[in-house]
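Everything on this sheet refers to the single structure shown next.
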2 protein chains.
Amino acid sequence: MSSDGGAANRARPAAETSRAPRRRVGRPPRRDDDPAAERNRWEVLRAAARAFMQHGYASTSIDTVADVLGATKGRVYYYYRSKADLFFDLHRVAMEMNLDAIRPIATGPGSPSERLERMILAHVKLVLDELPLQCVSVQGVQMHLAGSTTPTQRKVLDRLIEARDEYERHFIDVMAEGIVAGEFRDCDPRTLVKPLLGALNWMTIWYRPRPGDTEESRRHIAHEHAAFLMRGLLS
Amino acid sequence: MSSDGGAANRARPAAETSRAPRRRVGRPPRRDDDPAAERNRWEVLRAAARAFMQHGYASTSIDTVADVLGATKGRVYYYYRSKADLFFDLHRVAMEMNLDAIRPIATGPGSPSERLERMILAHVKLVLDELPLQCVSVQGVQMHLAGSTTPTQRKVLDRLIEARDEYERHFIDVMAEGIVAGEFRDCDPRTLVKPLLGALNWMTIWYRPRPGDTEESRRHIAHEHAAFLMRGLLS
DNA sequence: GTCTATACTAGGATAGAC
DNA sequence: GTCTATCCTAGTATAGAC
C-alpha cells in the first residue's frame with residue numbers, strides 16, 4: 001500500500017501513538033471498559049478497515065473513513081488522535097484475532113499434519129469472514145518495511161512485528177514437528193512459511209465477496225487451498 | 001498499499017495517460033526511438049521503481065523519485081505528464097518483461113510439469129533479479145481493485161489487466177494440460193493459480209537483498225519454492 | 001459525543017529561466 | 001533537457017459551538 005505511515009503534518013505534534021482512546025485535557029475522563037464507548041470505538045474501527053481495504057492506507061482520508069461511518073471527522077478524531085493511531089489499533093485488533101484463532105490449534109492436541117491443516121483452514125476462514133481486518137493486517141506487513149515512522153510509533157510497530165513473528169513461528173514449529181515425525185518431507189520450514197502464508201494472504205488481494213457466493217463456493221476455496229499447501233509438504 | 005491512483009489535484013487537467021512520452025506544445029518533436037532519450041527515460045523509470053518499492057505508490061512523492069534519480073522534479077515531468085502516467089508505464093514495462101519470460105516456456109516444448117516448473121523458476125528469478133519492477137507489478141494488482149481513476153487512465157489500466165490475465169492464463173493452461181496428461185492430480189486450476197502465483201508474488205513483500213546473500217542462498221529459495229508448489233499439484 | 005469551521009502543509013503540476 | 005519558482009488542492013489535525 002502501500003506504504004509508509006508518512007504523509008502530511010510532520011511538523012506539528014508528532015502523533016503520539018497508543019492502543020486505547022486517551023482522555024484529552026479538558027474532557028471528563030472515560031472508562032476504557034465503558035461498553036457504550038467501546039462499541040462506538042469499534043464502529044470507527046470497522047469503518048476504517050473497510051475504507052483501508054478499498055483504497056489502501058495512504059490513499060484513505062479521514063474524511064473517507066467518516067463517510068463510511070456515516071459521520072464526520074470529529075467522531076473519528078474523538079477516538080483516535082491520528083490516522084496512524086487508528087491504523088495501528090486496527091492492526092493490533094487483527095493480529096490478536098489471528099493469534100487467538102491459531103495459537104490453540106498449534107499448541108493443542110493432534111498430529112502435526114492434522115494441526116497444520118486446521119491452522120490453514122482457520123486462516124482461510126478468518127480471511128473470508130473478516131476480510132477488511134485481514135486486508136489491513138496484510139497492509140501492515142508491507143508497512144513495516146518502509147521504516148519512516150516517529151520513535152513513538154516505532155515502539156508500537158515493533159510490538160506488532162513481534163505478534164506477526166509469533167504467528168509465523170507457530171506455523172514454522174508445527175512444520176518442523178511434522179518433519180521430525182516423518183509426516184512431512186525434509187524441507188526448510190523457515191523458508192517455506194513465506195510461500196505458505198503468502199498463498200493464504202494473497203486472498204486478501206484477489207478475493208472480494210460477490211452476490212453469487214455460496215457457503216459451498218467458500219468451502220471449495222478453503223479446501224483447494226488447504227489440499228494444495230498440505231501436499232506441498234507431505235512426504 | 002496503498003493504493004489507488006487518487007491524490008491531489010483532481011480538479012485540474014485530469015492527467016492524460018499514455019505509454020510514450022508525448023511532445024508538448026512549443027517543444028521540438030522527439031523521436032520515441034531516439035536512443036539517448038530512451039536511456040534517460042529508462043533511468044527515470046528505474047528510479048521510480050526503487051522509490052515505489054520502498055514507500056509504495058501513494059506515499060511516494062515525485063520529489064522522492066527525483067531524489068533517487070539525483071535530479072529535480074523537472075526532469076521527471078519532462079518524461080511523464082503525471083505520477084499515474086509514470087506508474088502505468090512502469091507497470092507496462094514490468095508486465096512485458098514477465099510475459100516475455102513466461103510465454104515461450106508455457107507454449108514451448110516439454111511435458112506440462114516440466115514447463116510449469118520452469119515457469120515457476122523463471123518467475124522467481126524475475127523477482128530476485130528485478131525486484132523493484134516486480135514490486136511495482138504487485139502494487140499494480142492491488143490498484144486495479146480501487147477503481148477510482150479517470151476514464152482515460154481506466155483504458156490504460158484495462159490493457160494492463162489484460163496482460164495480467166494472459167499471464168495467469170498461461171499458468172492455468174499448463175496446469176490444465178498436466179491434469180489431462182495425468183501428471184497433476186484432479187484439482188481446480190482456476191482457483192489454484194491464485195495461491196500459486198500468490199506464494200511467488202509474496203516474495204516481493206518479504207524478500208530484500210542483503211549483503212550476505214549468495215548465489216547459493218538465492219538458488220535455495222528458488223528450489224524450495226518450486227518443489228513446494230509443484231508437489232502441491234503432482235498426482 | 002458529534003459537528004462545523006478553520007489552520008496549516010505536503011505534494012502534484014505548470015511556467016519559464018537557463 | 002533540466003532546474004527554480006510558484007500555484008493550488010487535498011487532507012491532517014485542532015478549536016470551539018452545540
To the nearest Å, how far apart are [X] [atom1] and [N] [atom2]?
{"X": "B:Asp67", "N": "C:dG12", "atom1": "CG", "atom2": "P", "answer": "12 Å"}
{"X": "B:Asp63", "N": "D:dT4", "atom1": "CG", "atom2": "P", "answer": "11 Å"}
{"X": "B:Trp42", "N": "D:dG1", "atom1": "CH2", "atom2": "P", "answer": "19 Å"}
{"X": "B:Glu43", "N": "D:dG1", "atom1": "CD", "atom2": "C1'", "answer": "13 Å"}
{"X": "A:Tyr77", "N": "C:dT4", "atom1": "OH", "atom2": "C1'", "answer": "15 Å"}
{"X": "B:Ile62", "N": "D:dA5", "atom1": "CD1", "atom2": "P", "answer": "20 Å"}
{"X": "B:Tyr57", "N": "C:dG11", "atom1": "OH", "atom2": "C1'", "answer": "12 Å"}
{"X": "B:Arg39", "N": "D:dG1", "atom1": "CZ", "atom2": "C1'", "answer": "13 Å"}

Could you please name the option among [options] that lies closest to any side-chain atom of [X]?
{"X": "A:Arg75", "options": "C:dG12, C:dC3, D:dT2", "answer": "C:dC3"}
{"X": "B:Lys83", "options": "C:dG12, D:dA13, C:dC3", "answer": "C:dG12"}
{"X": "A:Tyr79", "options": "D:dT14, D:dG1, C:dT2", "answer": "C:dT2"}

Given A:Asn98, which partner from the list A:Glu166, A:His170, A:Gln134 fulfils the side chain to side chain donor-acceptor pair (under 3.5 Å) test?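 Result: among A:Glu166, A:His170, A:Gln134, A:Gln134 is the only option passing the side chain to side chain donor-acceptor pair (under 3.5 Å) with A:Asn98.
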I want to confirm an ordering. Mapping A:Thr60 and A:Gly74 to their closest nucleotides on DNA chain D, which one lands closer to the 5' end?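 Checking each residue's closest nucleotide, the 5'-ward one belongs to A:Thr60.
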Between C:dT2 and A:Tyr78, is there an OP1 or OP2 to side-chain N/O distance shorter than 4.0 Å?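 No, A:Tyr78 has no side-chain N/O under 4.0 Å of OP1/OP2 on C:dT2.
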Please tell me whether B:His91 and B:Phe52 form a close aromatic pair, meaning their ring centres lie under 6.0 Å apart.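 No, the ring of B:His91 stays outside the 6.0 Å limit from the ring of B:Phe52, centre to centre.
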With sugar-phosphate meaning primed atoms plus P, OP1 and OP2, does B:Ser61 contact a base, only sugar-phosphate, or nothing at under 4.0 Å between heavy atoms?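 Sugar-phosphate, no base atom in range.
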Just checking B:Thr64: base, sugar-phosphate only, or nothing, at a heavy-atom cut-off of under 4.0 Å?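 The residue B:Thr64 makes no contact with any strand.
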Heavy-atom pair of closest approach, residues [X] and [Y]:
{"X": "B:Ser137", "Y": "B:Arg164", "result": "OG-NH2, 2.8 Å"}
{"X": "A:Ala71", "Y": "A:Arg75", "result": "CB-NH1, 3.5 Å"}
{"X": "B:Trp206", "Y": "B:Trp202", "result": "CD1-O, 3.1 Å"}

Taking donor-acceptor contacts at under 3.5 Å, does the side chain of B:Lys73 reach the base of C:dG12?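 Present.
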